[in-house]
There are 2 protein chains.
Amino acid sequence: MKIDPDKKIDLSAQIANAIRDAIVSGDMIVDERLPSEAELSDQFQVSRPTVREALKRLAAQSLIRTQRGATGGAFVNRLRYEEAYGQQVTTSTLLLSMNEVSFDVACEARYALERACAPLSAERRSPDHLATMRAEIHRQAQPGLSDESFCASDVTFHRALVDGAGNPVLSYQLAGAVEAMQPLMNMITFTARSREAIVGLHTRIADALEAHDAGGADQALVELEAYTLTLGRDVMAARAKG
Amino acid sequence: MKIDPDKKIDLSAQIANAIRDAIVSGDMIVDERLPSEAELSDQFQVSRPTVREALKRLAAQSLIRTQRGATGGAFVNRLRYEEAYGQQVTTSTLLLSMNEVSFDVACEARYALERACAPLSAERRSPDHLATMRAEIHRQAQPGLSDESFCASDVTFHRALVDGAGNPVLSYQLAGAVEAMQPLMNMITFTARSREAIVGLHTRIADALEAHDAGGADQALVELEAYTLTLGRDVMAARAKG
DNA sequence: GCACTCAAAATGTCAGACAATTGCGGACGG
DNA sequence: CCGTCCGCAATTGTCTGACATTTTGAGTGC
């Protein structure tokens with residue numbers, strides 16, 4: 001961890017990569033303190049601003065955290081699920097919006113992943129998860145709800161479904177897929193009739209999970225995917241025409 | 001986009017967040033040029049090093065790219081799948097290694113997600129995907145292969161399975177789950193007998209996908225998950241004893 | 001023994017300068 | 001008229017040095 005030739009890429013990027021590799025490979029463990037900025041600049045033979053740019057790169061990825069004061073410094077950060085969620089959602093959202101991912105493709109991915117969770121969720125969902133789903137269903141049935149709020153509630157409902165599987169790795173992976181869909185879903189205008197259909201399917205999902213009925217949940221998800229797809233296609237068709 | 005009070009968090013973080021929000025919200029579009037560092041420091045009323053730290057944070061997340069020279073500057077970067085893959089894998093790997101995720105939980109998540117891809121892959125896999133799988137199966141049957149190479153080949157095989165679904169969003173989401181498992185898989189010592197069993201299951205998966213047999217692929221994946229689980233548990237038991 | 005003060009260490013921020021790179025336009029020659 | 005070359009200007013990359021701010025801990029006085 002001392003390589004800094006006259007490569008073409010930034011010194012700060014090289015230093016950040018060197019430290020990142022040390023962290024990922026396990027050479028530096030969680031909560032271990034990095035050398036101070038002055039020591040690093042001495043060690044890498046660069047100036048302090050360059051070291052700082054490297055540290056900011058790492059901080060942006062939540063690989064380190066910094067603390068001021070006498071016993072302060074930069075520390076290897078324990079990457080928590082909540083932080084990782086946020087980055088995942090941001091990245092997934094941008095991927096979808098910048099790469100002209102069609103509604104169909106995104107929808108297919110989302111429901112394929114959710115259906116992977118459904119059997120586990122049917123087995124393990126807690127009363128808490130069921131309560132969250134019931135509450136969101138109730139909210140979605142309110143007449144005055146805006147389209148944005150309806151979508152937000154939809155996301156909460158589906159996240160409860162995913163979390164019900166009791167597998168944090170699955171929850172983490174799914175967070176991106178489900179939440180990144182929200183901007184696409186927000187384009188849909190939910191009529192009273194379509195809301196009724198969705199609430200009905202949500203109810204069937206919650207009922208099936210409560211009854212530990214994996215097959216029923218899967219079937220309802222398949223129908224929900226098909227219905228969501230038609231709603232999305234209607235929007236696209238209307239947009240193409242208008 | 002001009003908020004900089006005397007908050008407690010770094011100015012560079014605030015500036016980075018402001019610009020990130022502008023990008024995520026769509027206020028800045030792909031390939032749009034940001035103001036120069038001098039202009040930004042003027043606009044935000046901070047010094048140029050502070051602006052640079054903010055830009056490095058964004059660059060670390062692949063949100064912008066920079067270019068030197070007269071017509072250079074910082075540009076909103078089109079986030080590509082390949083870049084996102086890398087970050088996803090790094091993040092997932094660290095999440096697993098830093099949060100004491102058990103082999104069982106990681107394994108369950110991985111196969112749940114792969115099984116979500118299997119039906120789509122059975123429908124759409126190209127000859128290319130099949131050829132990749134066959135090649136990796138052949139490699140895995142070589143006697144002199146190291147455990148690491150066997151694991152790497154395993155990852156390639158499963159990525160071909162996932163890519164066969166023809167859904168880039170799915171591929172992106174799965175990349176993290178599959179590749180982040182590799183360090184855990186590397187702990188396993190693959191005996192000749194266990195390799196034979198795995199190669200057999202891989203062959204069944206490839207055969208099923210070639211025959212467009214979603215059910216067969218799913219069944220083989222279920223068996224592969226169960227078998228991988230026993231291998232992992234043996235390692236854990238041996239480690240606990242020794 | 002307790003509270004207060006102050007020094008030291010570290011990060012955060014600033015100002016100014018120079019180096020390196022790159023595109024563009026103008027000058028020059030054919 | 002056209003092409004080539006040179007140099008300038010704009011921009012990022014890097015360095016130096018300084019000061020501000022925060023935090024801890026040790027010393028000091030009561």
Side-chain angles (χ1 to χ4, degrees), chain A residues 2-20 23 28 31-78, chain B residues 2-20 22-23 28 30-78:
Chain A
K2 58 190 185 300
I3 330 162
D4 274 19
D6 332 85
K7 289 274 183 65
K8 304 197 177 164
I9 61 174
D10 302 11
L11 290 175
S12 68
Q14 289 185 53
I15 294 170
N17 286 339
I19 298 175
R20 172 175 53 77
I23 295 174
M28 305 202 67
D31 292 335
E32 184 174 341
R33 184 179 175 282
L34 276 73
S36 72
E37 295 174 355
E39 289 171 310
L40 285 173
S41 61
D42 204 51
Q43 180 176 334
F44 285 110
Q45 290 289 303
V46 297
S47 68
R48 204 180 137 218
T50 302
V51 167
R52 282 182 61 79
E53 288 180 7
L55 293 180
K56 295 312 169 198
R57 295 179 112 109
L58 298 171
Q61 298 174 287
S62 303
L63 291 178
I64 62 170
R65 64 176 186 279
T66 55
Q67 188 183 332
R68 291 174 76 166
T71 60
F75 299 84
V76 178
N77 191 37
R78 155 160 277 128
Chain B
K2 56 185 187 303
I3 334 156
D4 274 16
D6 331 85
K7 290 272 184 64
K8 308 213 171 149
I9 62 174
D10 302 12
L11 290 176
S12 69
Q14 289 184 53
I15 295 171
N17 287 339
I19 298 176
R20 174 175 51 79
I23 295 174
M28 306 201 67
V30 166
D31 292 335
E32 183 174 342
R33 185 180 174 280
L34 276 72
S36 72
E37 296 173 354
E39 289 172 310
L40 285 173
S41 61
D42 202 52
Q43 181 177 332
F44 286 110
Q45 290 289 304
V46 298
S47 68
R48 203 179 138 220
T50 302
V51 166
R52 282 183 60 79
E53 288 179 8
L55 293 180
K56 294 313 168 198
R57 295 179 112 109
L58 298 171
Q61 298 173 285
S62 303
L63 291 178
I64 63 170
R65 63 177 185 277
T66 56
Q67 189 184 336
R68 291 173 76 165
T71 60
F75 299 84
V76 178
N77 191 37
R78 154 159 278 127

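All values derive from a computational prediction rather than experimental measurement. First the proteins, then the strands, lettered A, B, ... as listed; each starts at 1.
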Rounded off to whole Å, could you give me the CD1-to-C1' distance for the B:I15 and C:dG12 pair? 12 Å

Respond yes when some side-chain nitrogen or oxygen of B:R52 is under 4.0 Å from OP1 or OP2 of D:dG13, and no when none is. yes

For D:dC15 and A:T50 - does any side-chain N or O of the residue sit under 4.0 Å from the phosphate oxygens OP1/OP2? yes

Pairwise side-chain contact, A:K56 with B:D10, heavy-atom cut-off 4.5 Å (strictly under): yes

Non-hydrogen side-chain atoms of B:I19 and B:L34 separated by less than 4.5 Å: yes

Those residues of residues 56-69 of chain B lying under 4.0 Å from DNA chain C by at least one heavy atom: B:R68, B:G69

Could you state the atom-to-atom distance from CZ of B:R33 to C1' of C:dT22 in whole Å? 13 Å

Rounding to a whole Å, what distance do you find between B:L34:CG and D:dT12:P? 9 Å

Pairwise side-chain contact, B:N77 with B:L58, heavy-atom cut-off 4.5 Å (strictly under): no

If you only use heavy atoms from C-beta on, which nucleotide in C:dT22, C:dT11, D:dG13 is closest to the side chain of B:A70? C:dT22

Check the distance between D:dG17's P and A:E37's CD and give it to me in whole angstrom. 17 Å

Any donor and acceptor pair, going by atom type alone, linking the side chain of B:R52 with main-chain N or O of B:S47 inside 3.5 Å? no

When the distance from CG of B:D10 to P of C:dA10 is rounded to whole Å, what number comes out? 18 Å

Within the pair A:T71 and D:dT24, is there a side-chain N or O less than 4.0 Å away from OP1 or OP2? no

Where the side chain of B:S47 is concerned, which of C:dA9, C:dC14, C:dG12 is the nearest nucleotide? C:dC14

Quick one: B:F75 CZ to D:dA10 C1', roughly how many Å, whole number? 12 Å

Beyond-backbone contact of B:L40 with B:I15, side-chain heavy atoms, under 4.5 angstrom: no

Report the distance from atom CD1 of B:I9 to atom P of D:dT22, rounded to the nearest whole Å. 15 Å

Compare the minimum distances between each of D:dG13, C:dA9, C:dA15 and the side chain of B:P49, then state the nucleotide with the smallest one. C:dA15

Test your reading of the model: is there a side-chain donor-acceptor pair from A:D42 to the backbone of A:A38, 3.5 Å cut-off? no

Is B:R48 close enough to D:dT14 that one of its side-chain N or O atoms is under 4.0 Å from OP1 or OP2 there? no

How long is the line joining CG of B:D42 and P of D:dT11, in whole Å? 13 Å

Heavy-atom donor-acceptor pair, A:R65 side chain to A:V76 backbone, under 3.5 Å: yes

